[in-house]
S.K.: 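Have a look at the structure that comes next, please.
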Amino acid sequence: MKDKKYYVTTPIYYSSGSFHLGHCYTTVICDALCRFKRLEGYDVFYLTGTDEHGQKVAERAMQAGKTPQEFVDVLYDQITKLWDLLGIKYDKFIRTTDAYHVKAVQEIFKKLYAKGDLYKSEYEGLYCTPCESFWTEAQLVNGKCPDCGRDVSMSKEESYFFRLSNYQDRLIEHIKSNPDFLLPQSRANEMINNFLKPGLKDLCVSRTSLKWGVPVTFDPNHVVYVWIDALSNYITALGYLSDDTSLFDRYWPADIHMVGKEIVRFHSIIWPAILMALDLPLPKQVYGHGWLLFEGDKMSKSKGNITDPFDLCAHYGVDALRYFLLRDVPFGSDGVYTNRSYLTRYNSDLVNDLGNLVSRTTAMLIQNFDGILPANDTPAELDNELIQMTNDLYVSVVKDMNELKVQNALISIFQVVQRANKYIDETKPWVLAKESENKGRLGTVLYNLAETIRIVAVYLSAFLVEAPEQILKCFGEGLPKLFENEVVFGKLKPGIHVSRTEKQLFPRVNIEKELIAMEDRLLSLQKEPKHEQLETTTEVKEEINIETFAKVELKTGKILDCEKLQNSNKLLKSTVQIGNETRTIVSGIAKYYSPEEMKGKDVVVVTNLKPAKLGGVVSEGMLLCAEDTSGNVVLLSPEKAIDSGSKIS
Ligand code: MSP
């Protein structure tokens with residue numbers, strides 16, 4: 001099966017914080033791709049893991065009062081729990097602290113040094129600590145790190161350097177002559193024009209200031225710094241330079257390295273150059289996908305705009321989460337997450353279209369045929385379009401998946417679902433059921449629906465993890481191993497037993513109510529995190545200067561009126577006088593203050609906060625509160641009476 005092997009990797013995830021919905025994106029996409037390839041008969045190897053070394057990890061561990069190893073162990077537990085919850089079927093999970101990886105990285109370092117690809121020198125440059133990257137002046141954006149927007153500082157130290165500059169021409173040549181190597185095409189142009197053509201600098205690949213990393217065996221003051229350690233995971237996981245290289249021999253080169261767009265440079269320039277230096281074949285493809293944005297920004301913990309995948313799964317199910325990520329984001333581009341778009345997608349596609357189709361069809365089969373699948377021996381012209389569309393799916397879905405157009409593949413599958421619902425409206429089975437002479441036709445209609453649903457579930461088993469199995473069970477079928485023989489209309493034999501799904505596939509949600517509930521949960525998560533995984537790190541906020549602090553406008557205010565928000569047991573809506581103006585401010589403090597207690601209080605208000613909808617009401621500021629470690633919350637007030645609207649500085 002060597003020719004049908006398929007080796008897919010996600011980036012290894014930083015073990016320095018908790019994981020949010022944006023992190024699930026790469027893994028869910030790769031999981032769907034791997035499931036699909038397995039169904040096509042490929043021998044798939046899916047690798048994911050954690051990036052556990054580096055300065056940021058060491059700092060976070062210290063802040064949390066843990067050793068770096070203890071710290072990354074907790075993160076490892078969290079991420080594997082998350083992947084299990086999302087049904088991610090990886091074949092191997094690599095941790096960069098795994099002994100075999102450490103050993104192989106040391107060997108790689110030695111090998112590159114022996115070949116003359118590494119040399120010792122001194123590095124001086126602008127360094128971004130959180131991103132562990134040196135930047136040139138020209139690469140900074142407004143004087144800040146181009147990746148994370150934070151401050152950089154001048155740093156100098158003895159380092160080993162990788163002769164990246166030697167590989168510049170070969171890299172340009174490779175990208176140009178292999179149009180599928182780096183996709184989407186826009187990323188290839190970006191790499192060539194912004195990085196390769198202006199000229200590559202040799203790369204600093206060891207540090208003396210850092211201790212939490214892989215030690216350089218022949219120069220123990222140095223530890224291997226990020227690039228060679230992290231990127232090599234793709235080959236060390238397969239046993240490269242170990243006693244058993246059978247996986248490496250079988251699966252390398254990778255068929256696809258799936259990465260977010262911000263790390264395309266590392267994967268399409270640095271990594272291929274390292275591989276060239278090691279005389280190894282390059283991955284067949286690097287695909288740089290877009291970001292999941294939240295309120296116009298990349299979803300990230302530091303920006304405070306995270307969405308908790310555990311919460312979404314607990315309330316709407318894992319399939320809703322997977323479906324949203326796979327269906328809502330045009331692959332390659334950025335996509336936007338909002339609670340509303342999430343719930344709307346859920347209600348319209350999963351509840352209305354798919355859930356409804358399955359429940360109507362199985363109910364009619366049980367009601368009219370005692371759950372015994374009738375024969376399809378009374379065909380009509382009307383049936384052909386549905387049957388044709390279902391049979392045609394294979395070609396279009398395979399093409400879309402080969403081109404990584406995951407969204408399009410799902411659109412085509414759901415077009416068949418919608419066509420089947422339309423077929424119900426056209427054939428009116430409830431009318432056919434009234435006349436016994438129409439029983440044959442009714443049977444055929446229901447057979448066609450059952451068969452369409454079965455085939456749809458076979459395809460969906462590459463994308464979703466719960467519903468397909470439940471649906472197939474209704475027709476006595478298990479999950480498919482291969483598409484072959486499963487996706488051609490007519491497999492179901494008349495006479496088989498049909499049942500309803502054991503539980504309702506996708507219960508409908510009331511979007512407006514649910515939006516309030518989601519905000520409530522977010523507020524309580526921020527106050528009292530439900531999951532261990534969100535609580536493991538004590539985040540110490542980065543230092544800011546006085547100019548940054550001065551951007552926050554604080555004023556005194558007086559609460560004129562206050563009421564509890566309907567549908568929420570957390571939110572209070574206050575009318576606050578601030579000098580000459582009055583504002584509506586929503587606060588998550590109903591647990592600590594009654595509306596009556598709030599009235600008349602002097603408070604401290606953040607007045608230049610961007611208005612935000614909370615509990616369906618636009619909140620025009622924030623009341624400052626203090627919270628102790630036991631979770632007691634009190635409002636802050638000026639120490640003596642002072643006019644409302646007084647500036648606080
Ligand atoms: N450790 C490096 C990768 C080294 S690979 C040799 C890293 N880790 S990460 O945890 O920051 O990111 C892991 C993956 O999650 C990346 O592909 C990244 O693009 C993806 N995402 C993190 N936030 C994201 C969004 N908001 N949206 C989509 N994907 C994003 O980078």
Side-chain angles (χ1 to χ4, degrees), residues 8-31 47-57 60 72 75-76 78-79 82-83 86 88 93-97 101 105 108 128 130-133 145 147-148 187 205 213-214 224-237 254 256-272 274-275 283 286-309 321 324-326 328-338 406:
V8 183
T9 68
T10 70
I12 42 173
Y13 287 73
Y14 279 131
S15 293
S16 54
S18 56
F19 305 104
H20 55 72
L21 187 64
H23 286 123
C24 304
Y25 187 65
T26 322
T27 336
V28 168
I29 297 279
C30 287
D31 183 65
L47 175 72
T48 189
T50 37
D51 196 349
E52 302 190 344
H53 290 128
Q55 196 148 323
K56 198 149 70 174
V57 172
R60 289 276 165 89
V72 294
L75 270 293
Y76 167 74
Q78 288 173 20
I79 201 164
L82 179 59
W83 297 159
L86 300 187
I88 308 295
F93 192 104
I94 183 167
R95 302 179 60 179
T96 52
T97 52
H101 173 77
V105 167
I108 290 171
C128 171
C131 293
E132 299 175 19
S133 292
C145 168
D147 273 355
C148 73
R187 312 241 189 262
V205 288
V214 177
V224 178
Y225 160 69
V226 67
W227 313 119
I228 294 182
D229 177 12
L231 289 160
S232 300
N233 91 86
Y234 300 129
I235 51 177
T236 63
I256 181 162
H257 287 320
M258 187 70 80
V259 301
K261 62 181 179 181
E262 81 284 12
I263 49 175
V264 164
R265 184 170 67 94
F266 311 144
H267 286 80
S268 62
I269 295 179
I270 297 173
W271 178 227
I274 294 173
L275 289 166
V286 174
Y287 193 99
H289 65 68
W291 287 339
L292 192 61
L293 304 178
F294 193 91
E295 289 173 354
D297 235 341
K298 186 187 179 202
M299 196 172 275
S300 80
K301 176 118 199 230
S302 56
K303 292 190 179 126
N305 61 9
I306 52 165
T307 295
D308 177 18
L321 186 147
F324 179 86
L325 292 178
L326 296 165
D328 234 66
V329 183
F331 201 53
S333 317
D334 290 344
V336 177
Y337 172 89
T338 63
V406 187

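First listed ligand is number 1; within each ligand, the first listed atom is number 1.
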S.K.: Give the atoms of ligand 1, by number and element, whose distance to some non-hydrogen atom of His20 is under 4.0 Å.
M.R.: 23 (N)

S.K.: Under 3.5 Å between some N or O of ligand 1 and some N or O of Gly260?
M.R.: yes

S.K.: In terms of atom number and element, which parts of ligand 1 are under 4.0 angstrom from non-hydrogen atoms of His289?
M.R.: 28 (C), 29 (N)

S.K.: Pick one: which of Ile269, Val205, Ile228 meets side chain to side chain contact (heavy atoms under 4.5 Å, CB included) with Ile274?
M.R.: Ile228

S.K.: In ligand 1, which numbered atoms sit nearer than 4.0 Å to a non-hydrogen atom of Tyr234?
M.R.: 5 (S), 6 (C)

S.K.: Would Tyr337 and His20 count as having a side-chain donor-acceptor pair, cut-off 3.5 Å?
M.R.: no

S.K.: Taking atom types as modelled, find out whether Tyr76 and Thr97 have a side-chain donor-acceptor pair closer than 3.5 angstrom.
M.R.: no

S.K.: Is any side-chain heavy atom of Val226 closer than 4.5 Å to a side-chain heavy atom of His53?
M.R.: no

S.K.: As an exercise, identify every atom of ligand 1 less than 4.0 angstrom from a heavy atom of Leu231.
M.R.: 6 (C)

S.K.: Out of curiosity, is Lys261 lining ligand 1, as in a heavy atom under 4.0 Å away?
M.R.: no

S.K.: Side chains of Tyr287 and Val8, heavy atoms from C-beta outward: is any pair under 4.5 Å?
M.R.: no

S.K.: From the options Thr9, Asp51, Thr27, select the one whose nearest heavy atom is closest to atom 1 (N) of ligand 1.
M.R.: Asp51

S.K.: Which ligand 1 atoms are under 4.0 Å away from a heavy-atom of Thr26?
M.R.: 14 (C), 15 (O), 17 (O), 20 (C)

S.K.: With the threshold set at under 4.0 angstrom, would you say Met258 reaches ligand 1 through any of its heavy atoms?
M.R.: no

S.K.: What atoms of ligand 1 come closer than 4.0 angstrom to any heavy atom of Trp291?
M.R.: 27 (N), 28 (C)

S.K.: Check whether Asp334 reaches the backbone of Trp291 with its side chain - one donor and one acceptor, N or O, closer than 3.5 Å.
M.R.: yes

S.K.: Mind checking whether Leu292 has an N or O less than 3.5 Å away from an N or O of ligand 1?
M.R.: yes

S.K.: Would you check if the side chain of His101 reaches a backbone N or O of Asp229 as a donor-acceptor pair within less than 3.5 Å?
M.R.: yes

S.K.: Can you label the angle between the Phe266 ring and the Trp227 ring as parallel, tilted or perpendicular, going by 30° and 60°?
M.R.: tilted

S.K.: Can you tell me which residue among Asp51, Thr27, Thr50 is in a side-chain hydrogen bond (donor to acceptor under 3.5 Å, both in side chains) with Tyr13?
M.R.: Thr27

S.K.: Look only at interatomic distance and state if Glu262 has a nitrogen or oxygen under 3.5 Å from any nitrogen or oxygen of ligand 1.
M.R.: yes

S.K.: Can you say whether the rings of Tyr25 and His289 are parallel (under 30°), tilted (30 to 60°) or perpendicular (over 60°)?
M.R.: perpendicular

S.K.: List every atom of ligand 1 that sits less than 4.0 Å from any heavy atom of His267, numbering the atoms from 1 in the order shown and giving each element.
M.R.: 5 (S), 6 (C)

S.K.: Can you figure out which of Gly288, Gly54, Pro11 has its heavy atom closest to atom 16 (C) of ligand 1?
M.R.: Pro11

S.K.: With heavy atoms of Ala230 as the reference, note each atom of ligand 1 found under 4.0 Å away.
M.R.: 6 (C)

